[in-house]
Amino acid sequence: QDLKDLAGDIDGQGHNLHFFAAGVFKAAQDNGITWILTDYTKAMAGATLADERGMGARPYWVHITADRMLAVYSAFVNGQEIITHARIDECYTRRIGYDEQNVECVRILNRDPVQDINGNVVAYGLPTYELWESVEKATPNQNANTATSDAEWQLGDQGLITVGYIPLVPVIFGTRDGTSWKVEPPLKDIAYLQVEEFQQESNLKSIKELTAYPMLA
């Protein structure tokens, strides 16, 4: 029953699993790859299961498109490929009174490598998350009585991912380039043909307009 309830509102925004999967399917078809991140409502430290249910805490899915995935790294541990590092673009708009401000934000998911005495990576530590925001910083200008605006990255939030792994799942429709996360879109050739067809139709329309132009004499 918990899974049925979750499927009825898979992303916490009122979208059921079918609607969510349709968007994931289209994104994977267009870009060759897309991502699903499983997140959980943030609860107070030490909260029990009853406390979390009382406040409505629950898992939910987040669709991460390819253009928002800034970097992904993985490694093979015990014959299984696991995600070890990911950086996700989470820019948002902040309301300041009746004004709005665009805030650059990056979420970092990471697992530090564990090495043996010979320096070989034998495992990876517990996963953590960090949320960094770009904050404008005013610096005085020595040549004038003015200040110039500069930006610096500040850590807004951080913590431990308690499930023990980075809950990031790739949905791949294209051809993956080796062990990297570069994927060739499956419809790339069709897209180029579509561009060529548009160019031919545009040229044909131009030729018709030039040859059928009414002459005065």
Side-chain angles (χ1 to χ4, degrees), residues 2-7 10-12 17 20-21 23-49 52 57-91 104-133 153-186 188:
D2 291 340
L3 295 178
K4 292 181 179 180
D5 295 339
L6 184 65
I10 193 67
D11 58 357
L17 182 60
F20 185 91
V24 171
F25 184 95
K26 185 180 186 304
Q29 187 179 33
D30 292 343
N31 301 315
I33 185 173
T34 195
W35 301 82
I36 299 176
L37 173 67
T38 303
D39 209 340
Y40 196 87
T41 307
K42 190 173 182 179
M44 297 181 298
T48 63
L49 181 60
E52 293 184 357
R58 43 153 286 180
Y60 58 92
W61 290 7
V62 182
H63 181 200
I64 309 296
T65 54
D67 58 336
R68 291 181 52 203
M69 186 62 66
L70 303 179
V72 178
Y73 294 90
S74 60
F76 285 89
V77 178
N78 297 326
Q80 183 179 7
E81 187 176 20
I82 62 173
I83 303 295
T84 60
H85 181 87
R87 297 194 297 272
I88 304 172
D89 180 7
E90 292 191 1
C91 297
E104 293 185 72
C105 185
V106 175
R107 180 179 297 271
I108 301 177
L109 310 175
N110 188 63
R111 295 183 68 178
D112 292 328
V114 178
Q115 300 178 345
D116 58 12
I117 57 176
N118 297 322
N120 299 319
V121 178
V122 295
Y124 284 85
L126 294 176
T128 60
Y129 74 90
E130 295 178 349
L131 202 60
W132 291 83
E133 291 187 1
W153 289 93
Q154 294 183 358
L155 181 61
D157 190 15
Q158 62 179 337
L160 185 69
I161 302 177
T162 56
V163 293
Y165 59 92
I166 296 178
L168 189 63
V169 179
V171 180
I172 303 176
F173 279 16
T175 303
R176 185 177 173 185
D177 184 8
T179 58
S180 71
W181 292 101
K182 297 179 181 179
V183 177
E184 194 78 10
K188 183 177 180 180

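Taking all atoms of both residues into account, the shortest heavy-atom contact from D11 to Y60 is C-CB, 3.9 Å. Considering every non-hydrogen atom in both I64 and M69, the closest pair reads CG2-CE, 3.6 Å. Scanning both residues, I83 and L168, for their nearest heavy atoms gives CG1-O, 4.0 Å. Taking every heavy atom of both residues into account, Y129 and L160 meet most closely at CE2-N, 4.0 Å. G23 and H63 get closest at one heavy-atom pair: O-CE1, 3.7 Å. Pairing each heavy atom of F20 with each of V62, the nearest pair is CZ-C, 4.1 Å.
D39 places no side-chain N or O within 3.5 Å of a backbone atom of T41 that could act as its donor or acceptor partner.
Within the 4.5 Å cutoff, the side chain of L109 has heavy atoms near those of the I88 side chain. Proximity of E90 to R107: side-chain heavy atoms (C-beta onward) are separated by under 4.5 Å at one or more points. In this structure the side chain of R58 reaches within 4.5 angstrom of the side chain of L6, judged on heavy atoms. Side-chain contact check for V24 versus W61: every heavy-atom pair is 4.5 Å or farther apart. Considering only heavy atoms from C-beta on, L37 comes within 4.5 Å of P167 through its side chain.
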Checking side-chain contact (heavy atoms from CB on, under 4.5 Å) for the pair V106/E130: CA distance, chi angles, key distance, verdict? CA-CA 8 Å; V106 175; E130 295 178 349; over 6 Å; no
Would you check, one step at a time, whether the test side-chain contact (heavy atoms from CB on, under 4.5 Å) holds for V77 with Y124? CA-CA 8 Å; V77 178; Y124 284 85; 3.7 Å; yes
Give the intermediate values and the outcome of side-chain contact (heavy atoms from CB on, under 4.5 Å) for residues I82 and S74. CA-CA 5 Å; I82 62 173; S74 60; over 6 Å; no
E104/W132 under side-chain contact (heavy atoms from CB on, under 4.5 Å): CA gap, chis, key distance, verdict: CA-CA 8 Å; E104 293 185 72; W132 291 83; over 6 Å; no
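Shown here is D5, whose CG atom has more than 12 heavy atoms of other residues, nucleotides or ligands within 6.0 Å.
The CG atom of N110 lies 11.5 Å from the CG atom of L126; values are rounded to the nearest 0.5 Å. The distance from the CG atom of N120 to the CD atom of Q115 is 8.0 Å, given to the nearest 0.5 Å. One finds the CD1 atom of I161 at 5.5 Å from the CD1 atom of I166 (value rounded to the nearest 0.5 Å).
For L3, the side-chain contact (heavy atoms from CB on, under 4.5 Å) criterion is met by no residue, not counting sequence neighbours. Qualifying side-chain contact (heavy atoms from CB on, under 4.5 Å) partners for A71, counting only residues two or more places apart in sequence or in other chains: Y73, R87. Remark: D30 engages K26 in a side-chain contact (heavy atoms from CB on, under 4.5 Å) (not counting sequence neighbours).
Between W35 and W181, a ring centre-to-centre spacing shorter than 6.0 Å is recorded.
Applying the salt bridge (Lys or Arg N to Asp or Glu O under 4.0 Å) test to every pair with at least one member in residues 71-80, sequence neighbours left out, gives no pairs at all. Identified under the salt bridge (Lys or Arg N to Asp or Glu O under 4.0 Å) test for residues 108-125, with sequence neighbours left out: none.
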Output a table of donor-acceptor pairs, distance under 3.5 Å, between side-chain atoms of residues 169-178 and any protein atom two or more places apart or on a different chain; print 'none' if there are none.
from	atom 1	to	atom 2	distance (Å)
R176	NE	S180	O	2.7
R176	NH1	E81	OE1	3.3
R176	NH2	E81	OE2	2.7
R176	NH2	T179	O	2.9

